[in-house]
Amino acid sequence: MSDETTQKDTFVKPNIPEVFLKPYDPKEHEGVLYAAWEESGFFNPDVCIEKGVTAPDAEPFSIIMPPPNANGSLHAGHALFVTLEDIMTRFERMRGKRVLWYPGADHAGFETQTVYEKKLQKEGRSRFGMDPKVLYKEILDFTLSNKSFMEGQLRQLGASCDWSRALFTLDDRVVKTVYGTFEQLDRDGLLYRGARTVNWCSHHQTSLSNLETTYIDRTDKFYYFQYGPFVIGTARPETKFGDKFVVMHPDDTRYKEYTHGQVIELEWINGPITATIIKDESVDMEFGTGVMTITPWHSNVDFEIAKRHNLDYEQIIDWQGKLLPISQEFSGMRIAEAREKIVEKLATKGLIVKVEENYTHSVPVCYKCERDIEPQIRNQWYVKVRPLADKALEALDSKDTVILTEQHDKILRHWLTNLEDWNISRQIVWGIPIPAKICTACEHGMVDLTDSVTTCTKCDGAVVADIDTFDTWFSSGQWPFITLGYPDSPDFKNFYPTSVMETAADILQFWVARMMMLGIYRTGKTPFKHVYLHGLVRDKHGKKMSKSKGNVISPIEITEKYGTDALRMGLVVGNTPGTDMNLDPDKVNAYKKFANKIWNISRFILDATITFTPTGTPSLTASDTAILNRLDAITSEITMYMEKFQFHLASEKIYHYVWNELADTIIEESKSILSGNDADAKYARQYVLRECFITSLKMLHPFMPFVTEAVWQHLPQNLKIGEHEMLMVAKWPKIR
RNA sequence: GCGCGGUUAGCUCAGCUGGUAGAGCAUCACAUUGACAUUGUGGGGGUCACAGGUUCAAGUCCUGUAUCGCGCACCA
C-alpha cells in the first residue's frame, strides 16, 4: 500500500474507460481525432446532407478562408484566424446549417518572390540574369512544397475546412476567371494603359501600389538655392538637373511681376539654362519661399502640374536608382552620393542661400525592404476604380456588407472615398502573366486573351507580349467568387454571397476593399455579409513579433507544448474583435489546465452516471430545477454571444460556467445526493448532471474541439441517447 | 496636417442599452488519499489617464488636455 498508483487503482471503477485514468494528453488524441473528422467527410457540406446530418434545405453558411501564403510556416496570426473561423464554422455546423469553410493557398506574388530572393541570395545567386522561366519553375516548386507543409499545420490547428475543395491561387480556374475580369474591365472602359507616376522600388525592380508603400519619418537637410531671381527650397537636390520650369501661385503678390510663360535665363548646376515661369494654384504660398521648380518624372505632384500645363519632362534617375547622363559629371552616381556632391558644387558656385538642418518629413519606402521609393513614370495597366469603389460604398450604406468594427468601417469608407486609379502591373515573374500585347512603336497596350493580336490596333506597329504580371491583390480580390466557381457552379449558387469574411485588420484595404469592388463588379453582389477583422497577435508585452527581436511565438510549438485547444482558448478569450492581442504562453498554460479539468469532470460524471438509464421523467427537486434553469440561461447567453461574433465573451462564459459552476458547485453539491439513499433524487440528479455535462461539451466544442471530441468518443451509450456519434455534428443545445 | 482608437488591480486585458468595478497570470493564508496538485477554500490589491460638464446616479454620455497607437495625406 505504499505505492501511490496501486492505491489509486483500488478506487478505479471498471466501467470507466481506461483512457480517463491518466491526465489528458493532447498529443495522444489530436492527430487521431482530426483524422477521424476528415475521414467522416463532415467537413464537406454535401456529405453532411448525404449522411442526413444537415437538412437539404438548411440555411447556408459559408466562409472563404484567407488563403495563407505558401511560403513558410504558419505564424500566430494564422493560428488566430484558424481559431476564429473554425469557431464560427463548428458553431454553425452544430446548429444544423449547411456549412462550407473553403480553404486555399496563396502563391502570394511579390511576398513569395521576396522570400525566394533571400533564399537565392544565401546561395549566392540573384534573380536578375536568370531565365524567367527557370526562376518561375523554381519558385513554383518551392511554393508547392510549402503549400502541403502549411496545410498540415492548418490540420494541426483543428481547421474543419473542406479540403476536397481546396484551391491554389495559380490554378487554371483562377487564371481563367481573372483573365475574364481583365477583359471585361477593358470592354467596359475601366482599364487603360498609361504613363503615370508609379512607386518604384529600385531594389525589387518593380512598381508598387500605394498600399505597398509605407511612410517613415525622417529628418533631412532642406536646401534653399538661388534659381535665377528666385529662391527655391528642396530636400532633393539630386533631381534638380531637369528643372526648367519654376512654379508659383498666381495670387502670390511677391512674384506678381512675373507672368505665366515668361522665360528667364539663369546659372544652374551644370551651367546656364533657360527656365519658364508657370503659375499654378497647387503651390502652397506658405511653404518655403512659395516658389518651386518641378521634376515631373520623379514626383506625382510635379507630374500633375506638368500635365496641366502640357510641359515636357525627362527621367533623371534610372531604374537602379542611379543618376542618368543628363546630370553630366554626376552620371552613374547613387542618390546619396550625388546629393552631397551636387550641394558642394552649388556651394562653390555661390548658389546656396541657406540650409535648414532639421527638416522632418515622412518619406515613402518599400514596405518590404524599407528602401526609398523612387517615383518614376512608367507605362502600366490601370483600373479606373471610382465606379467600382462607389458600388462598394453603396454596399456598406445598404448594410449588405457590415464591417465589424465601426472603426474599421470608417477606415474603409475613407479609403474608398479617396481612391486613385489602381496600378495592377508588377515587374516580377512570380504571378499571373498579364494577357496583353504592347506595341513596340507607340507603346499602346492591347488586351489579348487568345494570343491573336499580331499588330498594333492603333499604329499597325509590331507588338510584343507584356512581360509583367498582375498585382497579387488583383487576383486575390476576386477570390470569393473564383473559389465558389462563378458563374455556373452549384457552390456559387448555394454559397455566394458568403456569410462572413474573417481576416486580418491590416489587409482591410489591400484585400477586403478589393474583394468588394471586384466582387460587385463581376457578380453584381457584394461577396460577404459580415466582415470580422482580427488584430495583430503580439508577444506577451504587446511587442510586435519579429525574427530579429527573437520574440516570435510559433503556434505549432505552442500546440505541441500545451495542446491545440489550449492555444485556441488563449487566442480567443478576452480578444476583442479588431484590436491587437497579446499572446502569453502562461495564459495558454491556464487553458491546458482547463482541458485537463474537463477531462476530470468527465471522469466524475461517467462514474456518477454508471447506473443511469434514462427511463421516464425525473422528479426534479427545487435545486435540480434551479440548476437546469441556470443552464438554460447560460446556453442562451452563449448562443447570443456567438451570433454576435463576441467569441471573447462566449469563451470566457463557458469557461467559468464549467469550472466554477459545474465543477465547483454542482458536482460538489451532487456528491451527497449521489451517495445517498433517495433513489428518485439520485436519478433526478444523474439526469441533471448529464444535461449540464452534454450541454457544456457542446458549447465548448467550437472553442476546444479536441478534448471535447475525445471525451465524447468515450461516452457510454446511456449518456449519448439521441445524440450523434460525433460531437462535431451533434446538435447545438436548445433551451428547454 | 486631417481622421480614428486605446489609456481600468503588479502584468496582460474584459466590462452590453449609465446604477457604487471583473478575469487570467502573479501574490498571501489555509486545506487536501475517493473526479481533478494541471486541485480546493478564502484573502490582499484599483480615487477606472487628467480636468470640467450632463444626470438622482458615469470606466460607461458630452467637452477639453496629456499620452500611446493606427489610418490617410503630404509641401517642392
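What you see is a predicted model, and the numbers here were worked out from it, not measured in a lab.
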Span that lies between the C1' atom of B:C4 and that of B:A73, in whole angstrom: 15 Å

Just wondering, more than 12 heavy atoms not from A:Lys345 lying within 6.0 Å of its NZ? yes

So what does A:Val247 touch, heavy atoms closer than 4.0 Å: a base, only the sugar-phosphate, or nothing? nothing

Which is true for A:Asp284 with a 4.0 Å heavy-atom rule: it touches a base, it touches only sugar-phosphate, or it touches nothing? base

Shortest side-chain distance from A:Arg603, nucleotide among B:G71, B:A35, B:C72: B:A35

Counting neighbours of CD on A:Glu557 that are heavy atoms of other residues, nucleotides or ligands and sit closer than 6.0 Å, is the number greater than 12? no

Between B:A23 (P) and A:Ile654 (CD1): distance, integer Å: 18 Å

Within the sub-3.5 Å range, which N or O atoms of nucleotides 58-63 of chain B have a protein N or O partner, and how far apart are they?
none

Salt bridge check: are A:Glu374 and A:Arg236 linked by an N-O gap of less than 4.0 Å? yes

Among B:C4, B:C72, B:G24, find the nucleotide with the atom closest to the side chain of A:Lys410. B:C4

Between B:C16 and B:C62, how far apart are the two P atoms, rounded to whole Å? 14 Å

Spacing between A:Ile507 atom CD1 and B:G71 atom P, to the nearest angstrom: 14 Å

Starting from P on B:U38, measure out to NZ on A:Lys561 and report it in whole angstrom. 15 Å

Mind listing the N/O atom pairs, protein and nucleotides 9-11 of chain B, below 3.5 Å?
none

Using the P atoms only, state how far B:U55 lies from B:G18, rounded to an integer number of Å. 16 Å

Could you tell me how far apart A:His408 (NE2) and B:C70 (C1') are, to the nearest whole angstrom? 8 Å

According to a strict under-4.0 Å criterion, is A:Asn582 in side-chain N/O contact with OP1 or OP2 of B:C13? yes

Taking only N and O in the side chain of A:Ser362, is any of them less than 4.0 Å away from OP1 or OP2 of B:G1? no

Classify the side chain of A:Lys597 and the base of B:C36 as holding, or not holding, a donor-acceptor pair under 3.5 Å. yes

If the C1' atom of B:A29 is compared with that of B:G59, how far apart are they to the nearest Å? 32 Å

Check whether any side-chain N or O of A:His648 sits under 4.0 Å from OP1 or OP2 of B:G15, and answer yes or no. yes

Do A:Phe645 and A:His530 make the cut of ring centroids closer than 6.0 angstrom? yes

Is the closest basic N to carboxylate O distance between A:Arg685 and A:Glu669 below 4.0 Å? yes

Taking it one step at a time, do A:Asp409 and A:Lys399 satisfy salt bridge (charged side-chain N to carboxylate O under 4.0 Å, His left out)? CA-CA 11 Å; A:Asp409 179 78; A:Lys399 303 239 186 294; over 6 Å; no

Report the relative orientation of the aromatic rings in A:Phe230 and A:Tyr255; use parallel for angles under 30°, tilted for 30 to 60°, perpendicular for over 60°. perpendicular

Which is true for A:Gly574 with a 4.0 Å heavy-atom rule: it touches a base, it touches only sugar-phosphate, or it touches nothing? sugar-phosphate

5′-ward residue of the pair A:Thr576/A:Val291 relative to RNA chain B: A:Thr576

Could you tell me whether the phosphate oxygens of B:A35, OP1 or OP2, come under 4.0 Å of any side-chain nitrogen or oxygen in A:Lys671? yes

Is the glycosidic angle of B:G59 within 90° of 0, making it syn, or outside that range, making it anti? syn

Can you tell me how far P in B:C50 sits from the matching atom in B:U8, rounded to whole Å? 10 Å

Report yes if a side-chain nitrogen or oxygen of A:Gln646 is closer than 4.0 Å to either non-bridging phosphate oxygen (OP1 or OP2) of B:A14; otherwise report no. no

How is the base pairing of RNA chain B summarised as a dot-bracket string, given the Watson-Crick and G-U wobble criteria with both distances under 3.5 Å, [ ] for crossing and | for another strand? (((((((..((((........)))).(((((.......))))).....(((((.......))))))))))))....

Just how far, in rounded Å, is C1' of B:C13 from CE of A:Met581? 9 Å

Could you measure between the two C1' atoms, the one in B:C48 and the one in B:G15, and give it in whole Å? 11 Å

With a 4.5 Å heavy-atom cut-off, do A:Tyr215 and A:Val363 have their side chains touching? no

Looking at A:Glu420, I want to see if its CD is surrounded by more than 12 non-hydrogen atoms of other residues, nucleotides or ligands under 6.0 Å. no

For A:Phe225 together with A:Tyr223, are the ring centres under 6.0 Å from each other? yes

If the C1' atom of B:G45 is compared with that of B:C61, how far apart are they to the nearest Å? 30 Å

Side chain of A:Lys593: nearest nucleotide among B:U38, B:G24, B:A35? B:U38

In whole Å, what is the span from the CD atom of A:Glu420 to the P atom of B:A73? 8 Å

Under 4.0 Å between any heavy atoms, over every strand shown, what does A:Phe20 touch: base, sugar-phosphate, or nothing? Just pick one. nothing

When A:Thr579 and A:Glu652 are each assigned the nearest nucleotide of RNA chain B, the 5'-most assignment goes to A:Thr579

Touch check for A:Ile601, heavy atoms < 4.0 angstrom, all strands: base, sugar-phosphate only, or nothing? base

Quick check: are there more than 12 heavy atoms from other residues, nucleotides or ligands sitting under 6.0 Å from CD of A:Glu356? yes

Distance flag, aromatic centroids of A:Tyr313 and A:Phe303, threshold under 6.0 Å: yes

Pairs in or reaching into residues 579-597 of chain A: which pass side chain to side chain donor-acceptor pair (under 3.5 Å), with residues at least two apart or in two chains? A:Arg538-A:Asp580

Salt bridge present between A:Glu30 and A:Lys27 (N-O < 4.0 angstrom): no

Name of the residue among A:Trp712, A:Phe706, A:Trp599 meeting ring pair (Phe, Tyr, Trp, His ring centres under 6.0 Å) with A:His29: A:Trp599

Whole angstrom is fine here: how far is it from CH2 in A:Trp511 over to P in B:G71? 19 Å

If you measure from the P atom in B:A23 to the same atom in B:G44, how many Å do you get, rounded? 12 Å

Of all of residues 658-668 of chain A, which get a heavy atom below 4.0 angstrom from RNA chain B, listed by number? A:Trp659, A:Ala663, A:Asp664, A:Ile667, A:Glu668

Tell me: CG of A:Asp580 to P of B:U7, nearest whole Å? 14 Å

Assign A:Lys240 to base, sugar-phosphate, or nothing according to its heavy-atom contacts below 4.0 angstrom with the strands shown. sugar-phosphate

Describe, in one word, how the ring planes of A:Trp473 and A:Phe510 are oriented to each other, choosing from parallel (under 30°), tilted (30 to 60°) and perpendicular (over 60°). tilted

Residue pairs fulfilling salt bridge (Lys or Arg N to Asp or Glu O under 4.0 Å) with at least one residue in residues 645-665 of chain A, sequence neighbours excluded: A:Arg630-A:Glu661, A:Glu637-A:Lys653

